[in-house]
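Numbering starts at 1 and runs along the sequence shown. Only a predicted model underlies this, so the values are computations on that prediction, with no experimental measurement involved.
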Amino acid sequence: MGSVRNCDTLDLIILNLAQARNSVLEHTPETQSSSVNPSVRKRTAFSIEDKVKIIQRIKNGERQSDVCREFSLSKFTVWTIWKNRAKISAYEKNLIDAEKLRNVSAVNFTL
């Protein structure tokens, strides 16, 4: 009989924990604003085009802090994009060359 009582108690504890968890989840926003907790941010990947735009704007004399504000990026992210500008530009050039090659191949294929 004692083991049945222990199982009932254990089931009650599990049920209470599940209810408490659900209560917390109901009151937690799905996406936290960066102003509430700046260390919790959803990671996003920027396209090569966006990175090239950032690089061009900095090359044109715009301050990195202004670019950070407009794109809602940290200064470290913009700095890393700027630091890797040679790699990004080379990658973009390869993409453009590959697109030209695809277009030429498509034209040759249709002839």
Next item on the list: Verify the cluster assignment for W79 and F46: are they in a single hydrophobic cluster under the rule of side-chain heavy atoms below 4.5 Å apart?
Entry: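 In one cluster: no.
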Next item on the list: Consider only side-chain heavy atoms of I, L, V, M, F, W and Y, link residues closer than 4.5 Å, and tell whether I48 and I54 are in one cluster.
Entry: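 They do share one cluster, since a chain of ILVMFWY contacts under 4.5 Å joins I48 to I54.
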Check: Would one find more than 12 heavy atoms of other residues, nucleotides or ligands at under 6.0 Å from atom OH of Y91?
Finding: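 No - once you tally the heavy atoms of other residues, nucleotides and ligands closer than 6.0 Å, there are 12 at most.
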How long is the span from the [atom1] atom in [X] to the [atom2] atom in [Y], to the nearest 0.5 Å?
X   : Y   : atom1 : atom2 : value
F76 : I81 : CZ    : CD1   : 14.0 Å
E70 : K53 : CD    : NZ    : 10.0 Å
S65 : L73 : OG    : CG    : 12.5 Å

Backbone N/O of [Y] and side chain of [X]: donor-acceptor pair under 3.5 Å:
X   : Y   : result
N60 : Q56 : yes
R85 : W82 : yes
D66 : E62 : no

Next item on the list: Given side chain to side chain contact (heavy atoms under 4.5 Å, CB included), test V52 with E49 step by step and report yes or no.
Entry: CA-CA 5 Å; V52 169; E49 292 82 14; 5.7 Å; no
Next item on the list: Say whether T77 and T80, considering side chains only, have a donor N or O and an acceptor N or O under 3.5 Å apart.
Entry: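 On atom types as modelled, these side chains do not qualify, holding no pair under 3.5 Å.
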Next item on the list: Report the C-alpha separation of K51 and E92 in whole Å, then their side-chain angles, then the decisive distance to 0.1 Å, and conclude whether the side chain to side chain contact (heavy atoms under 4.5 Å, CB included) test is met.
Entry: CA-CA 10 Å; K51 291 178 182 181; E92 181 196 28; over 6 Å; no
Note to self: Looking at every non-hydrogen atom in both residues, tell me the closest pair between S74 and C68 and how far apart they are.
What the structure shows: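 Looks like O-SG, 3.8 Å.
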